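Keep in mind it's a predicted model, so treat the numbers as computed, not measured. Throughout, a chain's letter reflects where its sequence line sits, starting with A, and its residues are numbered from 1.
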Amino acid sequence: MKNRLESSLQTALGVLENRGELDLHLAPGPMVERARDAQHGDYVTNVALLLAKAAKCHPRELAAKIVSALPNDPAIAKVEVAGPGFINFFLNPALQCRVIQKIHEEGHRFGENTRGIGRKVHIEFVSANPTGPLHVGHGRGAAYGAVVANLLKATGFEVHREYYVNDAGRQMDILALSIWLRYLEDCGEALPFPSNAYRGDYVRTIAQDLHKEVGDAFRYPADRVQIDLPTDESQGGDRELHIDALVARAKSLLGEERYVELFNAGLQRILHDIRQDLGEFGVYYDEWFSERRLTATQAVDATLQKLREAGHLYEKDGAIWFASRQLGDEKDRVVIRENGQFTYFASDIAYHMNKFERGFDQVINVWGADHHGYVPRVCAAVRALGIDPARLRVLLVQFAVLYRGAERMQMSTRSGEFVTLRQLRNEVGKDAARFFYVMRKSDQHMDFDLKLAAAQSNENPVYYVQYAHARVCSVFRQLDERGWERDIVSGMNNLELLTQPHEQALISSLSRYPEIIEQAALQHEPHHLVHFLRGLAYEFHTYYNTHQFLVEDQPLRDARLNLIAAVRQVIANGLALLGVSAPETM
RNA sequence: GCGCUUGUAGCUCAGCCGGAUAGAGCAUCGGCCUUCUAAGCCGAGGGUCGCAGGUUCGAGUCCUGCCAAGCGCGCCA
């Protein structure tokens, strides 16, 4: 409809130009938008205001001219010039209520569109290091990424969801070490636990399982483990040096084979746990992409070679640097350390190249906002590889600050003191958690109140929307109990009986749903959908309180039932995109 | 110190490429259940859109400065 009005306006402007009443060579972009106020009709344009200066006449005068030049359209009931020079369009209600028929026909697919058809989009989200269970900070990225993926799919894109598994690098070695030390404790060895190691309970669990599995095969006396080590922080030493030395000790005592077994035991257990956790949260992936695979397939070497050939690498202080500064970064970055090892950044460049090589038109990274300083260097790398950086989009998600009532909760992975995503789900439920996480704009700080999310009361917005759905279901149950028949066809033929303001408002909202999906998808802003659903639920509840649906007048009853069935369908569709259930009873 | 982000009602937040009188939920106050679920509805109060300039027909929205908060500034990942 919007497009239709816009082309009508183009026609009108063309007419005026031909008549010589308007001398413009402008191609105004999208210029029609939904009216914010029902008094202003259904759609509004401000072209007259925008063009008045160039046309050298008063906006209202120009608006009147444009209106007079508009082609006839049966879908438009009334056009008026208002305010300083807005043109308001009032749609023909008889035609607008056809959306109810459309919703009935399209069912769960209503709202989908084809904007992204034929385009492949890659979306990577969460990608937490497999060094421990997911916490509530990851939850927001998980919920957000999953919903953006759903929205893009509904907009016609071919979506590939991916979790990048950081299964290489120092943090993983520290995890392996942590498990081994707990294992040694379990064997009866007494030795201090580094201040820097992972001290969560899950580490002990994995260690105990390992002990059952391998017996004492990985056991060494405490003094052999600790001899000649640099001291830990608690003894006045450097904790980083201490823990790196311990990792080296583990490798040398256990040898390659056993160390890999230890390492994999931790990785597999934690990865399995993360996968299960996300699954229970309704978050699924098409692929779990291993960082180690990149190094194993020489992908990092190949990528660096490509950068070298393009003249983006140089050597300084014994290290290899990527000249990212001339591509918009603050400074150049090391890709190969003095000791010959790749930096994390190097494998990340290779990972991005790999994504584009797989043929995706658009690549989306959902990252925690604390990584925003990392964005320019990745963009620089993409550009250096000859890829249009506009094809890469980094979406930043702010951490949620967790409260329990007024009490602010602190968390830190290393110390093991954090609220896990699983605990959150257990406490507030999947629906409330998903809803809360995407209720706010993702790049905004947000306060997540556990007490509120868990509240079984009207304070909790998730129930408000679900309740509207359950209420419609309840009406249909009542219909059955009374032994009344529902005639859908008759209802469709009598939609023009829906003349009440509440009914018109609902119909207008229903017709907006596809636009909301498209907007939320293209802007990667799921919160628009949440706000829309709250508004739709509100319009339904107020309608419910004002008018009886199950009336004696059968044509009217059938028309109303078709309307509320459409409302139920749209709420169910919207909640499905959010990953929230649509209960039939509450 | 430099960079990025944010500042809207008592609280949590919307505000769609600059548009008409700045909105919602919660909280507060007052009403509505013999009638389809009261997890609901109706109504009231509540604002210098951080501050000061600027751009123009028009600024919460764009620009500059200042104030405040968060985050980032490793041969960590």
Side-chain angles (χ1 to χ4, degrees), chain A residues 29-31 33-37 39-40 44 46 49-50 52-53 58-59 82-86 88 129 131 166 168-172 174 240 291 316-321 330-331 333-345 347-348 368-376 396 398-399 401 403 439-441 443-449 452 455-468 470-479 481-482 515-516 519-520 523 525 527-528 530-531 534-535 537-538 540-551 560-561 564 585-586:
Chain A
M31 44 193 183
E33 59 184 52
R34 283 277 182 177
R36 299 177 191 203
D37 185 333
Q39 288 182 348
H40 302 143
V44 180
N46 61 351
L49 290 161
L50 294 176
K53 199 171 188 185
H58 295 296
F86 293 103
N88 295 338
N129 285 346
T131 53
N166 296 121
R170 182 164 171 265
Q171 294 307 321
M172 288 306 296
I174 293 174
E240 306 294 343
E291 181 186 356
K316 195 183 95 182
D317 304 332
I320 305 295
W321 296 69
E330 281 177 23
K331 53 195 216 181
R333 310 288 174 176
V334 170
V335 285
I336 303 178
R337 290 194 277 259
E338 210 174 344
N339 65 11
Q341 295 234 305
F342 296 129
T343 59
Y344 174 80
F345 180 45
S347 57
D348 217 20
D370 55 335
H371 287 72
H372 72 254
Y374 195 72
V375 176
L396 298 177
Q398 282 286 355
F399 286 123
V401 181
Y403 289 83
M439 191 162 62
R440 307 301 182 205
K441 221 169 143 179
D443 59 355
Q444 293 284 29
H445 303 259
M446 97 180 234
D447 290 354
F448 194 126
D449 185 347
L452 179 61
Q456 302 274 321
S457 76
N458 62 339
E459 291 171 45
N460 195 335
V462 66
Y463 294 115
Y464 185 79
V465 177
Q466 290 181 317
Y467 185 46
R471 261 187 159 173
V472 177
C473 294
S474 174
V475 172
F476 283 105
R477 281 193 299 272
Q478 272 293 318
L479 182 78
E481 277 171 34
R482 294 187 192 185
E515 294 169 20
I516 298 292
Q519 181 199 2
Q523 297 178 7
E525 291 182 341
H527 73 280
H528 290 307
V530 176
H531 286 279
R534 290 174 78 167
Y538 164 74
F540 172 76
H541 287 310
T542 181
Y543 178 41
Y544 180 96
N545 275 274
T546 313
H547 299 286
Q548 193 77 16
F549 308 146
L550 299 177
V551 291
R560 286 184 170 171
L561 290 176
I564 65 169
T585 61
M586 286 176 74

What's the closest nucleotide to the side chain of [X] if the choices are [options]?
X	options	value
A:Arg482	B:C73, B:G15, B:C36	B:C36
A:Asn88	B:C36, B:C41, B:A20	B:A20
A:Glu291	B:A77, B:C75, B:G15	B:A77
A:Tyr463	B:A39, B:A77, B:G15	B:A39
A:Glu338	B:C75, B:C76, B:C42	B:C75
A:Leu550	B:G19, B:C36, B:G40	B:C36
A:Gln548	B:G40, B:C36, B:A14	B:C36
A:Arg36	B:G60, B:C75, B:C76	B:G60
A:Asn545	B:C36, B:G40, B:A39	B:G40
A:Glu330	B:G19, B:G3, B:C42	B:G3

Categorize [X] for me: base, sugar-phosphate, or nothing, with a 4.0 angstrom heavy-atom threshold over every strand shown.
X	value
A:Ser474	base
A:Thr585	base
A:Tyr538	sugar-phosphate
A:Ala168	sugar-phosphate
A:Ala319	base
A:His547	base
A:His527	sugar-phosphate
A:Val44	base
A:Arg333	nothing
A:Asp317	base
A:Tyr374	base
A:Ile336	nothing
A:Phe549	base
A:His372	base

Exercise for the section: Give a yes or no on whether the backbone of A:Gln39 and the side-chain of A:Asp37 come within a donor-acceptor separation of less than 3.5 Å. Expected result: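 Yes, A:Asp37 side chain to A:Gln39 backbone: donor-acceptor pair under 3.5 Å.
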Practice task
Check whether any side-chain N or O of A:His531 sits under 3.5 Å from a backbone N or O of A:His528 as a donor-acceptor pair, and report yes or no.
Solution key: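 Flag not set: sc A:His531 to bb A:His528 has no pair under 3.5 Å.
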Exercise for the section: For A:His40 and B:A20, say yes or no: do the ring centres fall under 5.5 Å of each other while the ring planes differ by less than 30°? Expected result: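 Given the distance and angle limits, yes, they stack.
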Exercise for the section: Compare the aromatic ring of A:Phe86 with the six-membered base ring of B:A20 and state whether they stack according to the 5.5 Å and 30° rule. Expected result: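 Stack criterion met.
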How far does the [atom1] atom of [N] sit from the matching atom of [M], given to the nearest Å?
N	M	atom1	value
B:U48	B:U28	C1'	24 Å
B:A14	B:C57	P	32 Å
B:U8	B:G23	C1'	10 Å
B:C11	B:A27	C1'	7 Å
B:C67	B:G10	C1'	23 Å

Exercise for the section: Tell whether A:Asp370 reaches the base of B:G72 with its side chain through a donor-acceptor pair below 3.5 angstrom. Expected result: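 Under the 3.5 Å cut-off, the side chain and the base do not form any donor-acceptor pair.
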Handout entry: Check: A:His371 side chain, B:G72 base, donor-acceptor under 3.5 Å
Key =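 Looking at the base of B:G72, it does not pair with any donor or acceptor on the side chain of A:His371 (distance under 3.5 Å).
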Complementary nucleotide for [N] - Watson-Crick or wobble, under 3.5 Å:
N	answer
B:C62	B:G54
B:A68	B:U6
B:G40	B:C32
B:G47	none
B:G74	none
B:G25	B:C11

Exercise for the section: Carefully, step by step, assess A:Ser347 and A:Glu291 under the rule side chain to side chain donor-acceptor pair (under 3.5 Å). Expected result: CA-CA 7 Å; A:Ser347 57; A:Glu291 181 186 356; 3.1 Å; yes
Exercise for the section: Report yes if the distance between the aromatic ring centroids of A:Tyr538 and A:Tyr464 is under 6.0 Å, otherwise no. Expected result: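 For A:Tyr538 and A:Tyr464, the ring centres are not under 6.0 Å apart.
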Practice task
Please tell me if the side chains of A:Met172 and A:Asn166 come closer than 4.5 Å, counting only heavy atoms from C-beta onward.
Solution key: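 They are not in contact (no side-chain heavy atoms under 4.5 Å apart), so the answer is no.
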Handout entry: Heavy-atom side-chain proximity of A:Val472 to A:Tyr544 below 4.5 angstrom
Key =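 Not in contact.
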Exercise for the section: To the nearest 0.5 angstrom, please state how far the CZ atom of A:Arg333 sits from the CZ atom of A:Phe345. Expected result: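 Those atoms lie 7.5 Å apart.
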Problem - Stacked cation flag A:Arg471 on A:Phe540, 6.0 angstrom / 45 deg - result: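 No; the conditions do not both hold, so A:Arg471 does not lie above the ring face of A:Phe540.
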